[in-house]
Amino acid sequence: MKAGIKFPPLRQIIIWLFIISAISFAIGAIIAGIEGNSYKSKYQSTVTPVEIESGEIDHAIVALEIDSGSLNLSDDESMSLMSGNISGVHAQKGPDISFTSTDRVGHLNMKQESSMWLDPISKEDQWNLTLGQKVPTSLSIMMNTGDLRIKPGDANLTDLSIKQSTGDLILDLSGWKGTHLMGSIDEGIGSMTILLPADASIATRVENGIGSRSILGLDGEKGTYYHTVQDSQTPVISLSVNQGIGDLTMKVVNGS
Amino acid sequence: MQKDKYLSQLRQAIRALPENEQEEILADYDEHFRMGITDGRTEAEIASALGDPRSIGREYAAVSLVNRAEESPSARGIGRAVLATVGLGLFNLFVVFLPFLILVFMIVLILIIGFSIACAGPFLAGYAVLILIGVLPMQLDTPPLAAIFFGIGLTSSGLLMIALDYWLTRICYRQTIRYLRWNIEVISGKETL
């Protein structure tokens with residue numbers, strides 16, 4: 001005798017599956033409606049305060065490594081090298097932060113661990129940081145997915161390196177007051193807006209693949225643009241920009 | 001064309017059919033020749049009146065494969081029946097083969113979507129359970145309890161799609177058989193072969 005599972009008729013299966021689906025979605029929707037946004041407070045996101053004193057250093061090397069989320073970086077008049085907070089719902093622990101000082105050079109590393117399992121669902125880390133104005137700083141930012149809004153203001157940036165895979169970038173250097181700045185920006189996909197100070201001599205090399213290119217206030221063509229101020233004391237900005245897909249706007253503006 | 005050559009070409013054209021079917025068809029045509037000769041017609045006249053033996057053979061092969069696909073339903077059987085019908089004329093490439101391919105593509109697509117949704121449900125529900133028991137951090141845009149029910153709903157919706165796809169496949173199979181039979185009849189210009 002042949003033994004096996006005896007399935008009910010197909011029509012019966014379809015009706016039952018339809019009923020189960022409808023009831024499940026209805027219950028889910030009712031629960032979601034009743035709980036509203038209150039459930040979020042039960043699973044409060046982590047907030048990691050950041051307060052790094054610059055101490056006795058002549059130069060700082062700051063490296064930020066973000067997997068996904070957004071970064072707002074501005075300047076700060078305090079003595080801190082970096083302050084602010086990082087909030088998100090990223091696992092139980094925040095980013096790894098380390099600060100060491102060697103030969104009067106400070107090394108600040110902030111790294112958010114990535115998680116292949118958790119990240120695709122809804123990771124939204126918010127990095128709100130300020131950079132101190134006092135110490136000359138080399139800033140390196142690596143962003144996998146997310147938006148960057150960087151406005152260093154009066155912070156004394158000497159080197160800037162930004163690597164961003166996907167997301168929009170706004171880099172506002174209009175308030176920069178340093179003497180020289182070497183910058184390198186690499187972006188895969190996303191729009192890019194760069195504001196440069198009118199009182200600095202600027203040389204840029206731009207390569208962008210697919211997307212519009214809007215260069216305002218700079219002379220030059222074919223990927224090389226410059227802005228010259230006839231003064232030997234003029235601060236100098238040298239910028240290299242590589243963009244894969246997205247619109248690029250580069251504009252010279254009066255300092256804020 | 002002489003009777004022997006005619007029957008030889010017909011045998012060649014229907015060689016894919018079972019032996020007994022071949023013998024039956026050849027006996028029929030042999031009978032046509034004998035009747036014609038009795039009526040005083042020549043073998044060439046009879047052959048001309050019967051039509052091209054290769055075309056007749058292809059039509060018989062197509063009908064036989066359609067019948068077999070109907071008697072024992074299988075993907076291979078319907079595929080062979082469709083290909084045999086396409087072989088009856090270039091026009092059938094557009095009115096039989098292309099629609100058949102689109103139909104198969106849609107059925108497979110629905111199956112893949114249904115399977116994906118059905119698999120996504122347990123993942124969502126399992127993930128929500130792990131959040132509820134505190135193993136994983138909250139990373140959902142909906143309450144975990146609701147997510148569990150959404151997960152169950154997704155699973156049953158996916159299974160529903162698969163069941164409906166199966167039901168649709170059965171209907172399409174029957175309609176394809178009917179369409180192939182009608183198509184062969186139209187091409188051969190006969191009610192039945």
Side-chain angles (χ1 to χ4, degrees), chain A residues 7-48 67-69 86-95 112-126, chain B residues 73 75 106-107 110-175:
Chain A
F7 284 102
L10 184 62
R11 185 177 293 186
Q12 213 171 323
I13 292 173
I14 289 171
I15 291 169
W16 274 111
L17 285 172
F18 179 78
I19 291 168
I20 294 167
S21 301
I23 291 173
S24 302
F25 282 124
I27 294 173
I30 290 167
I31 293 170
I34 291 169
E35 292 216 26
N37 283 328
S38 63
Y39 71 96
K40 284 181 179 168
S41 60
K42 294 181 195 168
Y43 309 93
Q44 188 57 52
S45 60
T46 59
V47 177
T48 308
D67 191 59
S68 65
I86 299 164
S87 59
V89 285
H90 186 273
Q92 282 82 359
K93 70 185 188 78
Q112 181 60 281
E113 293 291 339
S114 63
S115 163
M116 192 178 74
W117 168 244
L118 297 175
D119 292 352
I121 299 174
S122 80
K123 195 171 80 176
E124 291 176 0
D125 290 353
Q126 299 283 334
Chain B
M106 286 180 67
I107 286 169
I110 294 170
L111 186 67
I112 291 170
I113 293 171
F115 184 75
S116 305
I117 293 173
C119 289
F123 276 105
L124 178 63
Y127 185 70
V129 168
L130 291 176
I131 290 171
L132 276 178
I133 60 176
V135 175
L136 291 176
M138 178 62 192
Q139 296 214 355
L140 289 170
D141 287 332
T142 186
L145 194 59
I148 291 173
F149 282 98
F150 287 144
I152 295 168
L154 277 178
T155 306
S156 47
S157 298
L159 292 174
L160 179 64
M161 275 185 82
I162 293 170
L164 286 171
D165 194 44
Y166 177 66
W167 176 69
L168 183 71
T169 306
R170 289 203 316 191
I171 291 175
C172 289
Y173 194 96
R174 283 200 297 268
Q175 294 305 319

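All values derive from a computational prediction rather than experimental measurement. Protein chains get the first letters and strands the later ones, always in sequence-line order, with residue 1 at the start of each.
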Working to the nearest 0.5 Å, report the span between [atom1] of [X] and [atom2] of [Y].
| X | Y | atom1 | atom2 | value |
| --- | --- | --- | --- | --- |
| I152(B) | I20(A) | CD1 | CD1 | 9.5 Å |
| I162(B) | I13(A) | CD1 | CD1 | 11.5 Å |
| I19(A) | L160(B) | CD1 | CG | 10.5 Å |
| W16(A) | L159(B) | CH2 | CG | 15.0 Å |
| I31(A) | F149(B) | CD1 | CZ | 5.0 Å |

Is it the backbone or the side chain of I148(B) that comes under 4.5 Å from a heavy atom of chain A, or both, or neither?
neither

Step through the shown structure and confirm whether more than 12 heavy atoms of other residues, nucleotides or ligands are within 6.0 Å of CZ on F25(A).
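Counting neighbours around CZ of F25(A), more than 12 heavy atoms of other residues, nucleotides or ligands fall under 6.0 Å, so yes.
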
Heavy-atom pair with the smallest gap, counting every atom of A146(B) and A32(A)
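Nearest heavy atoms, A146(B) then A32(A): CB-N, 3.9 Å.
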
Heavy-atom pairs under 4.5 Å with chain A - which of G121(B), G151(B), S156(B) has more of them than the others?
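Looking at each of G121(B), G151(B), S156(B) in turn, S156(B) comes out on top.
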
Is it the side chain or the backbone of L10(A) that comes within 4.5 Å of chain B heavy atoms, both, or neither?
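L10(A) touches chain B through side-chain heavy atoms alone.
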
